[in-house]
Amino acid sequence: MEFTIREMTLQDYDAVYALWSETEGIGLSSADTSERIAAFLQRNPGMSFVAHVQGQLVGALLGGTDGRRGYLHHLAVRPQWRGAGIGYQLVARALAALKQAGVDRCHIFVYADNAAGKAFWKKVGWYERTELMLMSYDLT
Ligand SMILES: CC(C)(COP(=O)(O)OP(=O)(O)OC[C@H]1O[C@@H](n2cnc3c(N)ncnc32)[C@H](O)[C@@H]1OP(=O)(O)O)[C@@H](O)C(=O)NCCC(=O)NCCS
């Protein structure tokens with residue numbers, strides 16, 4: 001199965017948002033409006049990617065850095081195209097871009113009940129940080 005991967009642009013937003021909305025394990029919020037994604041892409045050029053099969057968007061991933069560590073968000077592949085290496089390649093492209101920017105460690109956020117997602121990340125070399133927990137503060 002042939003797929004292509006290229007950098008995500010804001011023109012991809014509607015298709016990417018639709019994919020994320022339909023994908024289990026992806027949590028969308030007010031941080032995912034087109035304005036916020038535009039800002040994210042502008043701050044992190046060349047680090048977010050989309051995958052296509054025959055012109056149809058089938059996968060997406062946001063990648064970025066705060067200048068210190070890398071972060072990946074919202075990795076999603078359409079169910080019928082899973083198991084073909086698309087997820088792996090999206091991650092590989094983002095990690096290569098982060099490495100090029102001098103980043104030497106990358107983090108992800110995974111829902112604790114996303115067993116399939118966790119299994120994927122472990123299969124492709126990521127490790128769980130059992131000594132850490134995530135805390136947040138709302139500035140609204
Ligand atoms: C997780 C996800 C992105 C994987 O995408 P994918 O394109 O199917 O993954 P790949 O085909 O690139 O798989 C890469 C390797 O991981 C393995 N793998 C894929 N999904 C797996 C899973 N759920 N459990 C264990 N291994 C898995 C593949 O077999 C492959 O191994 P191989 O190289 O030995 O063949 C996809 O299943 C998805 O969109 N899931 C729902 C959204 C989600 O949970 N995203 C993560 C949020 S943190």
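Counting starts at 1 for both ligands and their atoms, following the listed order. We're numbering straight along the sequence, starting at 1.
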Restricting to non-hydrogen atoms, name the atom on Met47 and the atom on Leu98 that form the minimum distance, rounded to 0.1 Å.
SD-CD2, 3.7 Å
How close do Leu90 and Gly59 get, heavy atom to heavy atom, and via which atoms?
CD1-C, 3.9 Å
Matching residue for His74 among Leu61, Leu19, Leu62, Thr23 - test: side-chain contact (heavy atoms from CB on, under 4.5 Å):
Leu62
To the nearest 0.5 Å, tell me how far Arg69 CZ sits from Cys106 SG.
10.0 Å
Near Ala84, which atoms of ligand 1 are under 4.0 Å from a heavy atom of that residue?
11 (O)
Give the residue, atom name and distance (to 0.1 Å) of the protein heavy atom nearest atom 7 (O) of ligand 1.
Gly87 N, 2.8 Å
Looking only at distance, does Val77 have an N or O less than 3.5 Å from an N or O of ligand 1?
yes
Could you identify the single nearest non-hydrogen protein atom to atom 15 (C) of ligand 1 and state the distance to 0.1 Å?
Val124 CG1, 3.9 Å
For atom 3 (C) of ligand 1, the option (of Thr23, Leu75, Val58, Ile108) bearing the nearest heavy atom
Leu75
Proximity to ligand 1 by part of Lys123, non-hydrogen separation under 4.0 Å
side chain
Identity and separation of the nearest protein heavy atom to atom 14 (C) of ligand 1
Phe120 CE1, 3.7 Å
Within reach of ligand 1, part of Phe109 (heavy-atom separation under 4.0 Å)
backbone
Considering Gly125, Ala116, Gly83, Gly59, which one's heavy-atom position lies nearest to atom 22 (C) of ligand 1?
Ala116
Atoms of ligand 1 under 4.0 Å from any heavy atom of Tyr88, numbered from 1 in the order shown, are 12 (O), 14 (C)
Provide, to 0.1 Å, the distance between atom 44 (O) of ligand 1 and the closest protein heavy atom, together with that atom's residue and name.
Asn114 ND2, 2.8 Å
Considering only non-hydrogen protein atoms, determine which one is nearest to atom 37 (O) of ligand 1 and report residue, atom name and distance to 0.1 Å.
Arg82 CD, 3.2 Å
Over all atoms of both residues, closest heavy-atom pair of Gly46 and Ala97:
O-CB, 3.2 Å
So the atoms of ligand 1 within less than 4.0 Å of a heavy atom of Ala76 turn out to be 39 (O)
In ligand 1, which numbered atoms sit nearer than 4.0 Å to a non-hydrogen atom of Trp121?
46 (C), 48 (S)
Criterion side-chain contact (heavy atoms from CB on, under 4.5 Å) against Val16, the qualifying member of Thr9, Leu57, Leu10, Ile37:
Leu57
List every atom of ligand 1 that sits less than 4.0 Å from any heavy atom of Glu24, numbering the atoms from 1 in the order shown and giving each element.
41 (C), 42 (C), 43 (C), 44 (O)
Can you list the ligand 1 atoms lying under 4.0 Å from a non-hydrogen atom of Gly85?
10 (P), 11 (O), 12 (O)
How many angstroms lie between CZ in Arg78 and CD1 in Ile86, if you round to the nearest 0.5 Å?
11.5 Å
Just jot down the ligand 1 atoms closer than 4.0 angstrom to any heavy atom of Ala119, in number order.
24 (N), 25 (C)
Tyr111 to Lys118 - nearest heavy-atom pair and separation:
O-CE, 4.2 Å
Thr65 OG1 to His107 NE2 distance, which is reported to the nearest 0.5 Å:
10.0 Å
Determine whether any protein heavy atom is located less than 4.0 Å from atom 1 (C) of ligand 1.
yes
CZ (Arg68) with more than 12 external heavy atoms under 6.0 Å:
no
Do you know the tightest heavy-atom contact between Ala94 and Leu72?
CB-CD2, 3.7 Å
